[in-house]
Amino acid sequence: MPHDHDHDDPFHHEGMSSSGHPYRPDNDQPLTYWQQMEIAVRELLVEKGITTAAEINAQIVLMDARSPAQGAAVVARAWDDPAFKARLLADGSAAMAELGIDPDGLKLVVVENTAGVHNVVVCTLCSCYPRNLLGLPPDWYKSRAYRSRTVKEPRAVLREFGLEVPEDVRVQVHDSTADMRYLVLPRRPEGTEGWDAEALAGIVTRDCMIGVAIPQLP
Amino acid sequence: MTVLPELTPPPFDPPYPTRGARFAPGEAVRVKPGAAPGHIRTPWYLRGRTGRVERICGDFANPEELAYHRDGRPERAVYRVRFTMEEVWGEAAERAGDTVDAEIFEHWLEAADAP
């Protein structure tokens with residue numbers, strides 16, 4: 001019975017909501033040390049006039065607006081335009097700027113999957129990721145398991161993502177240890193001849209551009 | 001025993017400026033072994049391993065200096081170096097001929113035939 005709770009108590013937020021879903025518990029735990037530190041430093045920076053709350057919020061809005069769709073547009077263009085692909089491989093940041101996507105300091109290296117090579121990206125030291133192109137990384141990308149295993153047993157990791165790399169294909173891992181950030185250019189699947197840019201971009205997922213998946217036809 | 005990858009360096013120049021790098025694309029280089037204090041961006045699993053320069057990225061501020069609020073100058077050349085899984089993991093490698101590339105700052109590299 002989804003609505004079996006006490007209607008006389010307006011503050012009762014346990015069990016099911018009136019729409020039949022469980023209430024998400026309020027976040028009533030005390031702040032952690034680092035949460036307190038973040039608030040203290042942020043408030044100090046605002047108080048001293050170094051930044052403003054509006055500037056901080058604008059940055060969050062900008063970050064949230066970035067998404068894998070931007071990367072997918074870059075890939076779709078490269079699939080359809082060999083000259084663009086050549087420029088993308090030579091200087092990824094300049095090529096993404098051509099499409100109106102501001103690199104904003106991102107130094108992009110694009111690595112191309114071929115019949116003989118499958119690329120996969122990891123940052124063993126922390127969680128470096130082309131955020132200015134793809135948005136925030138998935139949580140698993142930052143996990144110790146992904147970071148430590150991908151350089152040691154990439155095929156086993158990829159298998160867990162549902163991707164079996166054939167024995168005659170070389171797995172090329174990219175450990176993003178310094179100033180570059182990496183985007184995998186997947187192979188264009190057969191059966192997509194004549195597709196427009198939007199349709200092509202639609203099959204390029206975030207995971208394809210990290211290298212833990214390959215594009216699938218719908 | 002050192003196991004080097006076969007490698008054809010990409011046919012374009014580094015997109016970021018460099019004042020001249022000590023090692024050339026295709027050259028065999030060894031990551032210096034051992035430890036150093038501070039903020040090091042040379043992964044442990046590659047220390048003492050030999051690979052080939054895949055490309056020169058350009059010159060970048062030294063992160064070991066930046067971490068302590070210094071200006072990171074002089075900038076150092078950064079290389080993408082390719083290693084075989086056999087070189088890195090020995091018999092524990094999942095597939096010997098698979099490879100891993102990492103960005104290594106020049107001061108962490110030495111010629112593969114250095115004593």
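Per chain, numbering begins at 1; letters A, B, ... match sequence-line order.
- Heavy-atom pairs under 4.5 Å with chain A were tallied for B:Tyr16, B:Phe105, B:Phe83, B:Trp44; the largest tally goes to B:Tyr16.
- Top candidate by heavy-atom pairs under 4.5 Å with chain A, chosen from B:Met85, B:Arg80, B:Glu103, B:Arg55, is B:Glu103.
- Residue contact with chain A, scored on non-hydrogen atoms closer than 4.5 Å, is absent for B:Pro10.
- The local environment of CD in A:Gln59 is sparse, with at most 12 non-hydrogen atoms from other residues, nucleotides or ligands closer than 6.0 Å.
- Residue-level contacts of residues 161-191 of chain A with chain B, in order of numbering, are A:Glu167, A:Asp168, A:Val169, A:Arg170, A:Val171, A:Gln172, A:Val173, A:His174, A:Asp175, A:Ser176, A:Thr177, A:Ala178, A:Asp179, A:Met180, A:Tyr182; threshold 4.5 Å between heavy atoms.
- Interface with chain B: from residues 204-218 of chain A, no residue qualifies, criterion being any non-hydrogen pair under 4.5 Å.
- Atom CD of A:Glu193 sits in a crowded spot, with more than 12 heavy atoms from other residues, nucleotides or ligands closer than 6.0 Å.
- In terms of modelled atom types and a separation under 3.5 Å, the side chain of B:Trp89 and the main chain of A:Glu153 share no donor-acceptor contact.
- Residues of residues 85-119 of chain A lying under 4.5 angstrom from chain B, judged on non-hydrogen atoms, are A:Leu89, A:Ala90, A:Asp91, A:Ser93, A:Leu106, A:Lys107, A:Leu108, A:Val109, A:Val111 in numerical order.
- Nearest heavy atoms, B:Pro43 versus A:Leu125: CA-CD2, 4.2 Å.
- Residues in residues 185-218 of chain A take part in no ring pair (Phe, Tyr, Trp, His ring centres under 6.0 Å) pair, two or more places apart or across chains.
- A:Cys123 and B:Arg41 make their closest contact through SG-NH2, 4.4 Å (heavy atoms, listed as atom of the first residue, atom of the second, distance).
- No more than 12 heavy atoms of other residues, nucleotides or ligands lie within 6.0 Å of CG in A:Asp139, so this atom counts as exposed by the packing criterion.
- For a residue to count as touching a neighbouring chain, one of its non-hydrogen atoms must lie under 4.5 Å from one of that chain's; by this rule B:Arg95 touches chain A with the side chain only.
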